[in-house]
Novice: 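This is the structure, below, for whatever I ask next.
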Amino acid sequence: RLGPELEICGYGCSDHYYESDTLLHSFQVLAKLLESPVTQDIICDVGMPVLHRNVRYNCRVIFLNKKILLIRPKISLANAGNYRELRWFTPWNKARHVEEYFLPRIIQEVTGQETVPFGDAVLATKDTCLGAEICEELWAPNSPHIEMGLDGVEIFTNSSGSHHVLRKAHSRVDLVNSATAKNGGVYILANQKGCDGDRLYYDGCAMISMNGETVAQGSQFSLDDVEVLVATLDLEDVRSYRAEISSRNLAASKVNPYPRVKVNFALSCSDDVAVPTCMPIQWRHHSPEEEISLGPACWLWDYLRRSNQAGFLLPLSGGIDSSATACIVYSMCHQVCLAVKNGNADVLADARKIVSDETYVPEDPREFCRRIFTTCYMASENSSQDTCNRAKLLAEQIGSCHISLNIDAAVKAIVGIFSMVTGRTPRFSVYGGSSRENLALQNVQARIRMVVAYLFAQLTLWTRGVPGGLLVLGSANVDESLRGYLTKYDCSSADINPIGGISKTDLKNFIQYCIENFQLTALRSIMSAPPTAELEPLVDGQVAQTDEADMGMTYAELSIYGKLRKIAKAGPYSMFCKLINMWKEICTPREVASKVKHFFRMYSINRHKMTTLTPSYHAENYSPDDNRFDLRPFLYNTTWSWQFRCIDEQVNALYFLKRQLAFRVIV
């Protein structure tokens, strides 16, 4: 029996790992597991932090029949991107070395053991040999399974705490299958699943692989708290597979052996000849659109049920972003109804608690959506009738409780206070105002919407005589956050944001997916409309303001900038050098230079907004999330004088070279 990484306390404890309470309570739970009849006659591998000689390690505790066989500390710690394991743990750097670990009294009383092996060792049972890896070790270039396999280990376990990123699942599957393709063996991976209290969603995908082929696949997205994956395999298949790989056998003859902990136990029976074994299967991957539909939906459900709130409120503007957020909530309602239909008693109990009805059974997603989801269209004099109609129609189709209101009175009151104090009245640029006035008037509208959203979130259910409050959902996408195309403390400021890590391009594809799979025809007009903030006055009753014109760049360009900045680690000059080749068919070097400078100028001016960014579902590796993923200053020299000068010098050199070549051709 294998479980995920640090499963006893939970992977996301963060600085709580420093607390002795976390260690104490982990051992208390371990004692309960050791005593439980459920864990008898099966080798159990559980994860928890362990303090050995005053050093804290991320460990696997492997036990059988009330006896601890081995405590195996993690060797390679995850310390990039969202992970900071080196902050809390120390890697075990003593390869193939085992020490005595003195058990706490609470465990000694159960096991009767005073000390147990602690270190880098493997288990030798009567019929096979098992070795453990922990999450990051599978991704390391010198993974332990390589030399363990050469030393005769036939079954590898991996307890993982791997989060969901769009288009990532295949990488994990490929790594597991390749681990046994070259060296043979059985590989078992168990991963966390669900929201662990922060921005990450751990996406399961438990799997069992043998000799390079998948034989069992767990679900990637599910509302089930527990999922058990089982496979019956023949160890002779591993041995015969390895027997004909001469290069593997030559390397095995020279390997430095692992310490072996002998276990008087067999994983197989003597009379199991007729037991059928599992056959290889084809891994079924979700499309990115399905991932967006399922991952953030499961994350929202976990957040809702654990926060003890009664539902969500979303400012629904009739644009792509807020509509995508609404569709994710609708998808969540689908998942809840499906789980209840399939007999998930925990989900049913949570749903009843959320709606405050002990007899309620969610069967229809639209009906459940109406109980837990409120959408609100907040019009101003700059809003068009088209967006109002789109928001209303979408709300009808998903079943949300929809509110339409007008914020003009509040806007005029706020601006009136300013005018009364200063004696000046700001104007929009179309009426002769300056850019400062224009921006300030837009920001007032945006910020009032945040205040109104929170007021309705707190009191809407009160007006209906229903207990509880609503979580406010934000709907700023990853590209707008990167560019800073949002008002600080506007409707982007919310409790949580399910699309904050998703690009505009992927959201458009997701909207198309919802049209086809949820029959939400209202989304067609939303898809065809140009994205707009609707914060500037209408022209002849029509929207004149568009997002891309305001930003000075397209959403497609923004995605490229984001990937180069974060994933390719490119500063202004490196980004320019890459883009002059990527865009050589559509832009001159001088145009590329202008675009790169504009992006970095706006990025640095607006970076401070990331410090107050609403906690968002992490779905992209180029997320600008300031919390722990993208650690950068929020006060920049926005002129980038040295970097931009290098770009200009390169542009001039390219034009000089081009003129020289042209001159040579003429001569």
Side-chain angles (χ1 to χ4, degrees), residues 194 219 221-225 286 289-290 292-314 316 318 322-377 389-404 456-457 460-461 463-471 473 475 498-499 510-524 526:
S219 61
F221 307 106
S222 168
L223 300 187
D224 295 336
D225 278 343
H286 290 288
E289 294 75 31
E290 288 174 322
I292 295 171
S293 176
L294 297 171
C298 292
W299 183 74
L300 283 180
W301 176 249
D302 267 359
Y303 202 101
L304 177 60
R305 68 191 181 95
R306 291 171 59 184
S307 65
N308 293 317
Q309 298 300 300
F312 300 111
L313 182 137
L314 171 70
L316 183 61
S322 60
S323 298
T325 302
C327 290
I328 289 171
V329 176
Y330 185 57
S331 174
M332 183 201 78
C333 295
H334 266 272
Q335 298 307 308
V336 170
C337 292
L338 182 61
V340 170
K341 182 180 178 182
N342 291 335
N344 191 318
D346 291 333
V347 172
L348 177 59
D350 287 331
R352 286 173 171 174
K353 181 180 177 183
I354 289 166
V355 301
S356 301
D357 185 346
E358 290 301 317
T359 63
Y360 177 67
V361 178
E363 296 175 340
D364 176 18
R366 294 185 74 254
E367 188 274 334
F368 183 53
C369 192
R370 183 164 188 83
R371 283 178 176 254
I372 59 104
F373 190 32
T374 298
T375 50
C376 183
Y377 181 84
N389 294 339
R390 291 179 201 132
K392 182 180 179 182
L393 183 57
L394 178 59
E396 289 174 358
Q397 292 186 357
I398 64 175
S400 68
C401 183
H402 190 63
I403 300 168
S404 289
F456 275 78
T460 294
L461 297 184
T463 65
R464 302 177 200 161
V466 178
L470 302 174
L471 293 166
L473 296 180
S475 55
I499 69 164
F510 169 63
I511 291 290
Q512 185 60 45
Y513 168 87
C514 292
I515 293 172
E516 297 168 2
N517 289 272
F518 295 144
Q519 288 76 51
L520 300 177
T521 55
L523 295 172
R524 290 199 179 101
I526 293 170

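What you are looking at is a predicted structure, and each value in this text was computed from that prediction instead of being measured. We're numbering straight along the sequence, starting at 1.
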Novice: Report the distance from atom OG of S323 to atom CZ of R390, rounding to the nearest 0.5 Å.
Specialist: 9.0 Å
Novice: I need the M332 CE to F312 CZ distance, nearest 0.5 Å.
Specialist: 5.0 Å
Novice: Determine whether N517 and E289 make a side-chain contact, defined as any pair of heavy atoms from C-beta on separated by less than 4.5 Å.
Specialist: no
Novice: Verify, without hydrogens or angle tests, whether Q397 (side chain) and A522 (backbone) share a donor-acceptor contact under 3.5 angstrom.
Specialist: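 Yes: the side chain of Q397 pairs with the backbone of A522.
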Novice: Using side chain to side chain donor-acceptor pair (under 3.5 Å) as the criterion, list what pairs up with N389, not counting sequence neighbours.
Specialist: Q385
Novice: What is the distance from atom CD1 of I292 to atom CD1 of I328, rounded to the nearest 0.5 Å?
Specialist: 7.0 Å
Novice: Looking at residues at least two apart in the chain, or sitting in another chain, which of them share a side chain to side chain donor-acceptor pair (under 3.5 Å) with Y377?
Specialist: T387
Novice: Please report the interatomic distance CD1(I511) to CG(L520), rounded to the nearest 0.5 Å.
Specialist: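 One finds 8.5 Å between CD1 of I511 and CG of L520.
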Novice: Are any side-chain N or O atoms of S331 and backbone N or O atoms of S293, one a donor and one an acceptor, separated by less than 3.5 Å?
Specialist: yes
Novice: Does the side chain of S400 come under 3.5 Å of the side chain of T375 through a donor N or O and an acceptor N or O?
Specialist: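 Yes - a donor-acceptor pair under 3.5 Å links their side chains.
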Novice: List the atom of W299, the atom of P498, and the distance in Å for their closest heavy-atom pair.
Specialist: CZ3-CA, 4.0 Å
Novice: From C327 SG over to L394 CG, what is the distance, rounded to the nearest 0.5 angstrom?
Specialist: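 Here the rounded value is 5.5 Å.
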Novice: Is there a side-chain contact between S222 and L294 in this structure, where contact means two heavy atoms from C-beta onward sitting under 4.5 Å apart?
Specialist: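 No, too far: nothing below the 4.5 Å cut-off.
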Novice: Less than 4.5 Å apart, any side-chain heavy atom of L223 and any of C298?
Specialist: yes
Novice: Return the minimal non-hydrogen interatomic distance between A310 and L461, and the atom names on each side.
Specialist: CB-CD1, 3.4 Å
Novice: For I354 versus G311, what's the shortest heavy-atom pair and its separation?
Specialist: CG2-N, 4.5 Å
Novice: If every non-hydrogen atom of C401 is compared with every non-hydrogen atom of R464, which pair is closest and at what distance?
Specialist: SG-NH2, 3.0 Å
Novice: What are the two closest heavy atoms between D302 and G194, and how far apart are they?
Specialist: OD2-CA, 3.4 Å
Novice: For residues 331-366, pull every pair meeting ring pair (Phe, Tyr, Trp, His ring centres under 6.0 Å), keeping only residues two or more places apart or in separate chains.
Specialist: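 Listed by first then second residue: Y330-H334, H334-F518.
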Novice: With L470, which of T374, L314, I372 fulfils side chain to side chain contact (heavy atoms under 4.5 Å, CB included)?
Specialist: T374
Novice: Give the minimum heavy-atom separation between L316 and A391, together with the two atoms involved.
Specialist: CD2-O, 3.5 Å
Novice: Hey, what do you get for NE2 (H402) to SG (C376), rounding to the nearest 0.5 Å?
Specialist: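 It comes to 7.5 Å.
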Novice: R366 side chain to E396 main-chain N or O, any donor-acceptor pair under 3.5 Å?
Specialist: yes
